[in-house]
Structure formats: C-alpha cells, structure tokens
Asker: 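Please read through the structure below; I'll follow up with questions.
Whatever order the structure lists them in is the order used to number ligands and atoms, beginning at 1. In this chain, residues are counted from 1 in sequence order. All values derive from a computational prediction rather than experimental measurement.
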Amino acid sequence: MTIRKSGSRPSDLEAPDHYTGTVHTERLMEPPAPARVRVLSVSFEPGSRTAWHAHPFGQTLIVTSGSGWAQRWGGPREDIQPGDVIWFPPGEKHWHGATLGASLTHIAVVEHLDGMFVQWMEKVTDDQYAALDVGGAAPELRSTEEDLPPTTLLA
Ligand code: MN
C-alpha cells in the first residue's frame with residue numbers, strides 16, 4: 001500500500017502549448033504498468049482552458065470546485081458544476097476549462113493507449129470560447145497536428 005499524503009504532491013504549471021491561461025495539474029495517482037490509468041486534479045484560473053483535444057480511450061471528469069465550461073466539437077457549450085461527472089468517448093474532440101468569471105477544478109481520469117493519454121489539436125480561440133456552438137461534423141481521431149511523447153500530461 002502506498003499513501004501519498006495531502007500536500008506532498010507537486011503541482012505542475014502546464015505549458016502554454018496546449019492551454020490558454022493559467023492551469024495547474026496535480027498528479028493524484030499513476031499506478032505502474034500493467035495499470036494504464038492516470039488520475040489528475042486540474043485547476044483552471046478564470047478564462048483558462050485546454051486546447052481542443054481527444055483521448056484514445058475517452059476521459060471522465062469529476063468537477064470538484066468552481067464553475068466551468070465543456071464542449072465537444074459540433075455540440076453546445078455546457079455548464080459544468082461541482083459534483084457533475086462528464087464522459088468524453090474515445091476520440092471525441094473537445095475542450096474543458098473555467099468560465100470567464102470563475103475558476104474551475106476537476107479530477108480527470110484517463111487511460112493511455114501505447115503511452116498516449118491525449119492527442120492535442122488546435123487552441124480554442126477567444127471567439128470559440130465565447131460562442132455557445134462551434135464546429136461541425138465530428139473529426140477523425142487521427143486528424144491532429146502532432147502526437148506528444150508518452151510522458152505528456154493531459155487535462
Ligand atoms: Mn479532455
């Protein structure tokens with residue numbers, strides 16, 4: 001058994017490549033192989049959000065505090081609040097983050113496929129962020145600019 005005490009886990013500032021604004025990530029759990037799951041707590045300052053992205057095995061978010069928005073490509077922007085549980089199916093292009101006026105913290109649960117937890121795409125523009133509906137038909141999972149190395153975190 002391993003106990004990682006509260007306050008002992010580092011909080012990483014996410015690089016601006018795949019995020020807009022200030023986003024911190026705390027790694028809650030990363031069990032060794034053959035487990036493939038990773039559990040993170042992600043905190044977004046007001047106005048901050050992920051870039052568009054997809055997860056090869058999907059992703060579950062559990063909102064723990066604040067107020068946020070989440071959106072899949074081609075769908076409406078959705079309000080997410082503490083206690084809400086959100087599921088993105090494998091390959092679904094989406095983003096998540098804080099609202100303009102409030103911060104957001106959610107727990108993220110995701111599994112990797114051959115070391116890849118997330119496939120990053122383009123940034124969410126200010127116009128997209130402010131819009132209630134964006135995008136069109138669902139894109140192909142592989143239609144992204146690049147794959148990141150296996151150590152890359154996810155939102
Ligand atoms: Mn995601």
Asker: Other members of the hydrophobic cluster containing Met1, with the 4.5 Å side-chain heavy-atom rule, please.
Answerer: Ile3

Asker: Check side-chain hydrogen bond (donor to acceptor under 3.5 Å, both in side chains) between Ser43 and all other residues, then give those that pass, not counting sequence neighbours.
Answerer: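 Expected list: Thr105.
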
Asker: Does one side chain, of Gln128 or Trp52, offer a donor that lies under 3.5 Å from an acceptor on the other?
Answerer: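 Yes, because at least one side-chain N or O of Gln128 sits under 3.5 Å from a partner of the opposite role on Trp52.
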
Asker: Has Gln59 got an N/O/S atom less than 2.8 Å from the Mn ion (ligand 1)?
Answerer: yes

Asker: Check all N, O or S atoms of His94 and name the one closest to the Mn ion (ligand 1).
Answerer: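 It is NE2, the N, O or S atom of His94 closest to the Mn ion (ligand 1).
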
Asker: Would you call Asp114-Arg36 a salt bridge at under 4.0 Å N-O?
Answerer: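 Answer for the salt bridge query: no.
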
Asker: Angle at the Mn ion (ligand 1), NE2 of His96 to NE2 of His55, rounded to 10 degrees, please.
Answerer: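 Answer comes to 160°, rounded to 10°.
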
